[in-house]
Amino acid sequence: MADKKILINARTIERRVMEIGREIGRDYAGRQLVLLGILNGAFIFMADLARAIDIELEIDFIRVASYGNATSSSGTIRMSKEPELDLAGKDVVLVEDIVDTGTTIAWLRDYFASHDAASVRICALIDKKERRQSEVEVHYRGFTVEGGFLVGYGLDYAEKYRNLPDICTLSP
Ligand code: IMP
Ligand code: MG
């Protein structure tokens, strides 16, 4: 059994998500906002964030090939579920659980920017700096973390721990 320690508790996450929601609501007032969540990791963050934004918006999800059971990125990206919405002319905010090397989100940002979206911004619950390889601007970030492997609030290790209400560090 791996050892879990709370790094960011549920109350702190809730407050921060409310703040980001208000900020996005202000920034996108009068625009055509689409929250595009990246499955599976972003599903809980997305549910809370969407309810913290009080302007009209649309919601869709995509899925990319992920870490699988390992704790490091393969660097190969493939979209295994495309958006159902037509994003042409829309203001897309990609909602991601965690940006680590940045490979995934940089690829997605470029993909949607070149597919007629009016604008593309990145919202990440966690910006993990230590292993960054691709240059990405995270416009909306919940928390900055230096490193370590995190689980909970949607984040998994081998598909487990997503249901933890707090964000925890996991050591083997
Ligand atoms: P990147 O392409 O290296 O930025 O990988 C980002 C993806 O890796 C995220 O969407 C997560 O699914 C996964 N990931 C990166 N770090 C962690 C972590 O600490 N815990 C759980 N998943 C992680
Ligand atoms: Mg992910």
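Numbering of ligands and ligand atoms starts at 1, following listing order.
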Exceeds 12 heavy-atom contacts within 6.0 angstrom, atom NZ of Lys160: no
Residues Lys4, Asp166; criterion salt bridge (Lys or Arg N to Asp or Glu O under 4.0 Å); working and verdict: CA-CA 10 Å; Lys4 305 189 294 293; Asp166 310 296; over 6 Å; no
Contact atoms of ligand 1, heavy-atom distance to Glu96 under 4.0 Å: 9 (C), 10 (O)
Close-contact set for ligand 1 against Leu150 heavy atoms, below 4.0 Å: 18 (C), 19 (O), 20 (N), 21 (C)
The one among Ile105, Ile98, Val151 that brings a heavy atom closest to atom 9 (C) of ligand 1: Ile98
Asp156 heavy atom under 4.0 Å from ligand 1: yes
Pair Arg16 + Glu19: basic N to acidic O under 4.0 Å: yes
Salt bridge (charged side-chain N to carboxylate O under 4.0 Å, His left out) contacts in which one or both residues fall within residues 140-155, not counting sequence neighbours: Asp127-Arg141
Basic-acidic side-chain contact under 4.0 Å: Glu14, Arg11: yes
Salt bridge (charged side-chain N to carboxylate O under 4.0 Å, His left out) pairs, two or more places apart, involving residues 35-52: Asp48-Arg51
Thr104: numbered ligand 1 atoms lying under 4.0 Å from its heavy atoms: 1 (P), 2 (O), 5 (O), 6 (C)
Nearest-option assignment for atom 10 (O) of ligand 1, heavy atoms, candidates Asp97, Leu39, Ile167: Asp97
Residue Thr103 vicinity, atoms of ligand 1 by number, heavy atom under 4.0 Å: 2 (O), 4 (O)
Salt-bridge present (Glu82, Arg63; N to O < 4.0 Å): no
Gly102 heavy atom under 4.0 Å from ligand 1: yes
Interfacing atoms of ligand 1 (cut-off 4.0 Å, heavy-atom, Phe149): 17 (C), 18 (C), 19 (O), 20 (N), 21 (C), 22 (N)
Proximity of Lys128 to ligand 1 by residue part, where a heavy atom lies under 4.0 Å: side chain
